[in-house]
Amino acid sequence: MTTDMSRRTFAALMAALTVAPGPSWARDDTYANPHLLESAEGLLNRIQLSTLENDGVVLIDVRERQDFNAGHIPGARHLDPNAVVAEDAPVTGALRPMDALADMLSNLGISPAMRVVFYDDRGGFHAARMFWLLEYLGHANVAVLNGGMGAWRAAEGPIASATRRQDPATLTPSPMPRRIASADYILSHRHDPETMVVDVRPPDAYAKGHIPWARNIPWSENLGEDGLFLPAEALRAHFEGQGVTPDRNIVIHCQVGLASSHSYVALRLLGYPRVRVYHRSWAEWGADTSLPAETGA
């Protein structure tokens, strides 16, 4: 399966985004939707007070199994980064059938009453996809750990190696069409001045081929040098400076439905009311010769 960037490229990016200790909790209160982020300090406080389960929080580690086994946040449950991806789908990165997704999430102990917090060690790359997926499936209380495992280590949070069996729950999907877009949707809104398509892939991937009317705004620009989401004012200025304003209908895509979710989280943090993910993304669009495409910056 291909992703939006190679592991070497991503490692270089993460090296540049070194997470440093700092008062990340002070940054969250300026977002329109601060509850969509969980700070490492706040999570650490819950764990130290042993209130994680009493607060109805399900913590999901979306890293490779070997990384989870080597050490994870206490109480976290593991989900393979690509567990939601259909193995034999004609489009790379396409989601598994709805009933399979529901079974998978239910087996993690996720019920409608739970607050679900996802984290990874790739700048929120995989955690964001799960955030978007749960919102698309109609789950109302979901968040991303800001800074992921790097922020947790910087906060000197404890590391666990033991896992325990979790009781399954029942999650019944209620898909929300306003959270997702298709190729047909993008085509039908091509000349709609209120609709804007954002391609969040790296500039070199965009130059090799893209939707002609898509604006290239790489997802990595959502993060500061500390590896956390930019403060609200800076994040808002970043998007609005490129024409991504709250009054518009925003459609986000990438290569295989991963990075697009990161910018989805960013815009949801800012309170943008109309944000959709074209989950099949360039993997579908670029392979279909009937769809318009162009190259160059």
Side-chain angles (χ1 to χ4, degrees), residues 3-5 28 31-38 60 62 81 84-85 93-95 101 116-120 122-148 173 175-183 185-186 189 194-202 206 211 214-223 228-230 232 235-236 238-240 242-285:
T3 59
D4 289 314
M5 59 179 70
D28 292 349
Y31 295 115
N33 291 315
H35 61 284
L36 303 182
L37 281 185
E38 185 84 24
I60 309 292
V62 198
V84 300
V85 176
L95 294 174
L101 292 173
V116 186
V117 180
F118 294 101
Y119 75 89
D120 60 29
R122 302 193 69 186
F125 199 61
H126 291 291
R129 175 166 63 180
M130 293 308 304
F131 174 98
W132 166 77
L133 178 60
L134 256 69
E135 286 212 327
Y136 167 55
L137 295 180
H139 192 80
N141 196 350
V142 59
V144 169
L145 176 60
N146 198 10
M176 302 179 69
R178 65 188 179 91
R179 299 296 188 196
I180 196 168
S182 63
Y185 180 90
I186 292 175
H189 288 75
E194 292 190 357
T195 298
M196 183 174 187
V197 179
V198 177
D199 183 331
V200 304
R201 295 175 299 160
Y206 177 83
I211 298 173
R215 178 76 57 86
N216 185 217
I217 308 176
W219 73 272
S220 57
E221 296 175 1
N222 301 329
L223 301 173
L228 307 177
F229 276 95
L230 290 172
L235 192 61
R236 187 177 299 109
H238 164 62
F239 282 110
E240 291 188 357
Q242 302 186 72
V244 184
T245 52
D247 59 310
R248 305 185 80 172
N249 178 30
I250 311 300
V251 181
I252 311 171
H253 84 86
C254 56
Q255 184 68 31
V256 294
L258 275 166
S260 53
S261 299
H262 198 279
S263 290
Y264 173 87
V265 173
L267 293 178
R268 289 280 292 115
L269 280 171
L270 294 175
Y272 278 52
R274 296 185 294 168
V275 187
R276 299 169 180 262
V277 168
Y278 172 31
H279 184 73
R280 291 182 168 228
S281 286
W282 189 251
E284 176 181 69
W285 192 286

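Note: hydrogens, waters and symmetry copies are ignored here, and every other heavy atom, side chains too, is used.
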(request) Taking the six-membered ring for Trp and the single ring otherwise, decide whether the centroids of Trp132 and His279 are under 6.0 Å apart. (result) yes
(message) Show, in sequence, the C-alpha distance, side-chain angles and deciding distance for Arg129 and Phe118, and conclude whether the side-chain contact (heavy atoms from CB on, under 4.5 Å) test is met.
(response) CA-CA 9 Å; Arg129 175 166 63 180; Phe118 294 101; over 6 Å; no
Nearest atoms (heavy-atom pairs only) where [X] meets [Y]:
{"X": "Val251", "Y": "Ala181", "answer": "CG1-CB, 3.7 Å"}
{"X": "Ser261", "Y": "Gly257", "answer": "OG-O, 3.5 Å"}
{"X": "Pro273", "Y": "Arg178", "answer": "O-NH1, 4.2 Å"}

(request) Evaluate the side-chain contact (heavy atoms from CB on, under 4.5 Å) criterion for residues Leu269 and Leu37: first the C-alpha distance (whole Å), next the side-chain angles of each, then the deciding distance (0.1 Å), finally the verdict. (result) CA-CA 8 Å; Leu269 280 171; Leu37 281 185; 3.6 Å; yes
(message) Is there a side-chain contact (heavy atoms from CB on, under 4.5 Å) between Ile217 and His238? Walk through the geometry before answering.
(response) CA-CA 9 Å; Ile217 308 176; His238 164 62; 3.5 Å; yes
(message) Counting only heavy atoms not in Arg215 (residues, nucleotides, ligands), do more than 12 fall under 6.0 Å from its CZ?
(response) no
(message) Tell me every residue that passes side-chain contact (heavy atoms from CB on, under 4.5 Å) with Ala143, counting only those two or more places apart in sequence or in another chain.
(response)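 Testing Ala143 for side-chain contact (heavy atoms from CB on, under 4.5 Å), a comparison that skips the adjacent residues, returns Arg115, Val117.
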(message) Quick one, Trp219 with Leu258, criterion side-chain contact (heavy atoms from CB on, under 4.5 Å). Give me CA distance, side-chain angles, the key distance, then yes/no.
(response) CA-CA 10 Å; Trp219 73 272; Leu258 275 166; over 6 Å; no
Measuring only between side-chain heavy atoms, which start at C-beta, is [X] closer than 4.5 Å to [Y]?
{"X": "Trp285", "Y": "Ile186", "value": "yes"}
{"X": "Glu194", "Y": "Asp247", "value": "no"}
{"X": "Phe239", "Y": "Leu270", "value": "yes"}
{"X": "Arg201", "Y": "Cys254", "value": "yes"}
{"X": "Tyr185", "Y": "Asn249", "value": "yes"}
{"X": "Glu135", "Y": "Val275", "value": "no"}
{"X": "Ile211", "Y": "Trp282", "value": "yes"}

Side-chain ([X]) to main-chain ([Y]) donor-acceptor, under 3.5 angstrom:
{"X": "Ser281", "Y": "Tyr278", "value": "yes"}
{"X": "Asp120", "Y": "Ala127", "value": "yes"}
{"X": "Tyr31", "Y": "Leu36", "value": "no"}

(request) For the residue pair His262 and Asn222, confirm or rule out a side-chain donor-acceptor distance under 3.5 Å. (result)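 Judged by distance alone, the side chains do pair up.
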(message) Would you say Tyr119 and Glu38 are linked by a side-chain donor-acceptor pair, where the criterion is simply a distance under 3.5 Å?
(response) no
